[in-house]
Protein chains: 2
Amino acid sequence: MDRMQLQNSFQAYFNELGYDIDWQRLTVPMDIHVIRKGDYLFQQGDFANRLFFLHSGLVRYVSVSDEGKEFTQTFAKSPRIIGSTKAMVTEARVLFGIQALEDCMVSSYPWRAFYEQMRQDIGFLECYAKFLERIFITKEERENAFVKHSAERRYLDFCADYPELKNVIPQQQIASYIGITPVALSRIRQKLKWHRD
Amino acid sequence: MDRMQLQNSFQAYFNELGYDIDWQRLTVPMDIHVIRKGDYLFQQGDFANRLFFLHSGLVRYVSVSDEGKEFTQTFAKSPRIIGSTKAMVTEARVLFGIQALEDCMVSSYPWRAFYEQMRQDIGFLECYAKFLERIFITKEERENAFVKHSAERRYLDFCADYPELKNVIPQQQIASYIGITPVALSRIRQKLKWHRD
DNA sequence: AAGCCTCCTTAACCTATGTTAATTCCTTAT
DNA sequence: ATAAGGAATTAACATAGGTTAAGGAGGCTT
C-alpha cells in the first residue's frame, strides 16, 4: 500500500468536509500501522504527538478512570483523522487509548512537521479547522446529551446515530459510551422490549 | 469606543493564544453591543450567524431542556470570542442563549464575511484553529468530568477552576453548570463543610 | 421598620443507577 | 460433544441525586 492508495481515503474524508485538496503535496514522512482487532494504536498515558489517519477499519477511544472503570469516549470509523488533539496541541500525555474494533490500516505523521506544512498551505489549514469544528460540535452534542437526557434517551440516540454499530459491538462498550454500567443498559433494553410488544 | 480601543482586547486574547496579529487588517463591518447584567446577547432558538467578541464583562451560555430546566454550558469572561460555533458553521438555530452576568461590551461580525477574510490571511485562520483547539479541549475535559467524576468532585473542580466566580455567581448557576439541582449542590456543600470541621 | 423577593438550606420521600452475585447464553477450543 | 470463558440477563440491595415543600437569611423598596 503506497501513498497513492492512501490518498484516496484522505480525499474521501476531505471531500465530505467540502474540500478537494491534493494530498500528494503533503510530504512529511509517514508511517504505516496495521492494527489487529482488539489491539491498541496507543495506550492511555503515552505521549502521542503524532497525527493518525484511519484509512480502513473501526476504533474506539477508551479511557480508564482512577477507579479502574472503562469508558468509551468515541467510536470512529474510517476514513477519518484520529488521535488526541489535546495531546498533540499541549504535548501532554493522552487521556485515552485507541483500540481497534476491527483490523485497521492507519498512517501517521509527526504532528509538528505536519502542522508546519499546513501553515504553508491555507487549504490544509482550512481542512484542519473544519475537522476541529466538527469534533467540537460532536463533543458539544455529547455534553448536551449527558446533562439533558436520561440514559434511556442516550441509548436510543446511540441506536439512531450508529445503526450499523448497534448489533456489532459488545453492549458493555455501548454502555460505557452512554455513561452507564452494562447492568443498567440491560435493564433499559428489557424495558424497551416490553414496551415494543 | 472605536476600533482602535477594541483592538486591544483582541490583541490580549490572541497574544494569550500565542499570536500577535494586526487586527486593524480586519475590515469586515462591525457592530457594538452593550449588554446589561441579566440581559441576553441572543436567545436559544435564534439564528446567530455572527461571530461575537466579548471585550469586557462575564457571560454564561444557558440552554433550556424540553422539560424547561435550565443548564449552564459555559462561563466565559473577557477577552474572548463567544457565540455558537455550531450555529455559525451549520447555519442552524442556536441551542443556547448568552446571558450577561455583568454589564458587557461586545463587538460582532457577520460570520461569512469574517470567514472569507480569514481565508485571505493565514494568520487569522491559524488563530481560529487555535481557538477551536481550545474550546474542543475544554469540552473534552467536561465530557470526562461528567462520565468519570461524582457531582461532589465536579463541584470541587469548579471551585478550583473558577476561584474568582465561586463567590460571585448564584449557586443555582453553579449547580446547573455541574449538572445537578441547587438542592443537591446544597447537600454537597453541607457535607463538605462538615468534613472541614 | 415592614414587606417582599430571591436565594439558600433542610427534610421527607421517590427514582434511576450502581453493586454484587447467581444464572443463562454463546462462542470457541479441545 | 463437551468443557471453558466471556457476554448478557436478572434479582436484591445500596446510594446519589431528583422532587416537593417548608422555613430562614439577606437585600431592596416603600
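A, B, ... follow the sequence lines: proteins, then strands. Residue 1 opens every chain.
- Rounded to an integer number of Å, the gap from CD1 of A/I188 to P of D/dT10 is 14 Å.
- In this entry the distance linking NZ of A/K69 with P of C/dT17 reads 15 Å, nearest Å.
- The NZ atom of A/K148 sits 18 Å away from the C1' atom of D/dG18 (whole-angstrom rounding).
- One finds a side-chain N or O of A/T181 lying less than 4.0 angstrom from the OP1 or OP2 phosphate oxygen of C/dG18.
- When atom types are taken as modelled, the side chain of A/Q73 and the backbone of A/F96 share no donor-acceptor pair closer than 3.5 angstrom.
- Salt bridge absent: B/D103 and B/K37 never bring a charged side-chain N and a carboxylate O closer than 4.0 Å.
- One interatomic measurement links the two molecules: CD1 of A/I178 to C1' of C/dT17, which rounds to 12 Å at whole-angstrom precision.
- A straight line from CG of A/N167 to P of C/dC26 spans 15 Å, rounded to a whole angstrom.
- Cation-pi geometry between A/K130 and B/Y115 is met: under 6.0 angstrom from the ring centre, within 45 degrees of the axis.
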Kindly give the atom pairs (protein nitrogen or oxygen, nucleotide nitrogen or oxygen) under 3.5 Å for nucleotides 5-9 of chain C.
residue : atom : partner : partner atom : Å
C/dC7   : OP1  : B/Q172  : NE2          : 3.4
C/dC7   : OP2  : B/Q172  : NE2          : 3.1
C/dC7   : O5'  : B/Q172  : NE2          : 2.8
C/dC8   : OP1  : B/Q171  : N            : 2.7
C/dC8   : OP2  : B/Q171  : N            : 3.3
C/dC8   : OP2  : B/Q172  : N            : 3.2
C/dT9   : OP1  : B/R189  : NH2          : 3.4
C/dT9   : OP2  : B/Q171  : OE1          : 2.8
C/dT9   : OP2  : B/S186  : OG           : 3.1
C/dT9   : O5'  : B/S186  : OG           : 3.1

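- Between B/Y155 atom OH and D/dA16 atom P the separation is 18 Å, expressed in whole Å.
- A salt bridge does not link A/R80 with A/E16: every distance from a Lys NZ or Arg NE/NH1/NH2 to an Asp or Glu carboxylate oxygen is 4.0 Å or more.
- Rounded to a whole Å, the CD1 atom of A/I180 is 12 Å from the P atom of C/dT19.
- Ion pairing of A/E152 with A/K191 is present here, as a side-chain N (NZ or NE/NH1/NH2) and a carboxylate O approach within less than 4.0 Å.
- Straight-line distance from the CD atom of A/E67 to the P atom of C/dT17: 19 Å, rounded to whole Å.
- Salt-bridge formation is not detected for the pair A/K77/A/E102: no Lys NZ or Arg NE/NH1/NH2 atom is positioned less than 4.0 Å from an Asp or Glu carboxylate oxygen.
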